[in-house]
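Structure, as structure tokens:
Keep in mind that the numbers below use all heavy atoms, side chains included, and drop hydrogens, waters and symmetry copies.
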Amino acid sequence: KQLKPLFEYVINDPSVAVIAKAQFSRNTLSNLFSDNELFKMVTKTNRWIELGKGQHRNIIFPSQASISSDITINHVYGSTAALEASLNNKRSVLITHGYFLGENALIYKKENILYYDFSLLIKAIKSYRNKEEKNSDLGDWSSIIHLFDKFKDGKSSERLRRIIEDQLH
């Protein structure tokens with residue numbers, strides 16, 4: 001029910017395609033919605049692409065999946081996927097169902113990146129794609145990205161490794 005607006009958007013707008021990537025292989029939408037008639041219609045458009053490799057954990061990184069995307073949609077529970085895409089200068093939005101916001105919710109609420117309803121998110125995406133001023137900032141993390149990676153030099157993993165190694169020695 002929650003994804004119905006997204007499915008309908010793909011079915012009804014031939015300019016829209018979705019590249020889906022689940023963190024775990026068992027959570028692909030093809031698995032979760034295999035009996036859903038609306039999802040079957042989506043897959044018949046040939047504009048629903050699922051990326052997955054690996055038996056348990058999907059070893060494709062969110063940043064890899066975002067390469068061909070204009071905008072990424074991520075659940076707030078897995079907001080690190082949105083962060084990865086944003087660090088690669090991709091627009092990223094977060095969806096939640098209100099029960100979970102995470103510790104960074106106050107930061108997310110400062111920007112046009114957090115949505116509680118797929119219908120409202122799809123309206124915002126349409127507005128953005130139509131170049132309407134009110135959503136020109138949709139998924140833009142540029143004013144908050146420094147709060148997550150102040151260097152933005154591609155060397156975060158090296159700094160984390162040094163911190164971990166220092167703690168171990």
State yes or no: do I59 and F61 share one hydrophobic cluster built from I, L, V, M, F, W and Y residues joined by side-chain heavy-atom distances below 4.5 Å, directly or via other members? no
Treating Ile, Leu, Val, Met, Phe, Trp and Tyr as nodes and any side-chain heavy-atom pair under 4.5 angstrom as an edge, say whether L94 and F118 lie in one connected cluster. no
Test item: [X] and [Y] side chains (from C-beta on) under 4.5 Å apart, heavy atoms:
X    : Y    : result
I95  : V76  : no
I73  : I125 : yes
K21  : P62  : yes
L138 : Y115 : yes
L29  : W48  : yes
L121 : Y116 : no
V93  : I71  : yes
L83  : I145 : yes

Residue pairs passing the salt bridge (charged side-chain N to carboxylate O under 4.0 Å, His left out) test where at least one lies in residues 50-74, sequence neighbours excluded: none
Derivation of the side-chain contact (heavy atoms from CB on, under 4.5 Å) call for H56 and R26: CA-CA 7 Å; H56 176 64; R26 70 179 183 274; 3.3 Å; yes
Hydrogens and angles aside, do [X] and [Y] bring a side-chain donor and acceptor to less than 3.5 Å of each other?
X    : Y    : value
N112 : N135 : yes
S143 : E111 : yes
N31  : T28  : yes

Rounded to the nearest 0.5 Å, how far does CD1 of I11 lie from OG1 of T43? 9.0 Å
Could you tell me the separation between the CD1 atom of I144 and the NZ atom of K109, rounded to the nearest 0.5 Å? 13.5 Å
Ignoring hydrogens and geometry, is there a side-chain-to-backbone donor-acceptor pair from S25 to G54 under 3.5 Å? yes
Under 3.5 Å: donor-acceptor pair, side chain of N104, backbone of I107: no
Under the side-chain hydrogen bond (donor to acceptor under 3.5 Å, both in side chains) test against E165, which residue among H169, R161, Q167 passes? R161
R47 with D13: basic N within carboxylate O range, under 4.0 Å: no
Does the separation of the ring centres of W141 and Y108 fall below 6.0 angstrom? yes
Apply side-chain hydrogen bond (donor to acceptor under 3.5 Å, both in side chains) to S69 and R91, showing your working. CA-CA 9 Å; S69 302; R91 291 178 178 262; over 6 Å; no
Which class fits the ring pair F33 and F7: parallel under 30°, tilted 30 to 60°, perpendicular over 60°? perpendicular
Is there a side-chain contact (heavy atoms from CB on, under 4.5 Å) between S127 and K134 once you walk through the steps? CA-CA 8 Å; S127 170; K134 69 179 176 182; 3.6 Å; yes
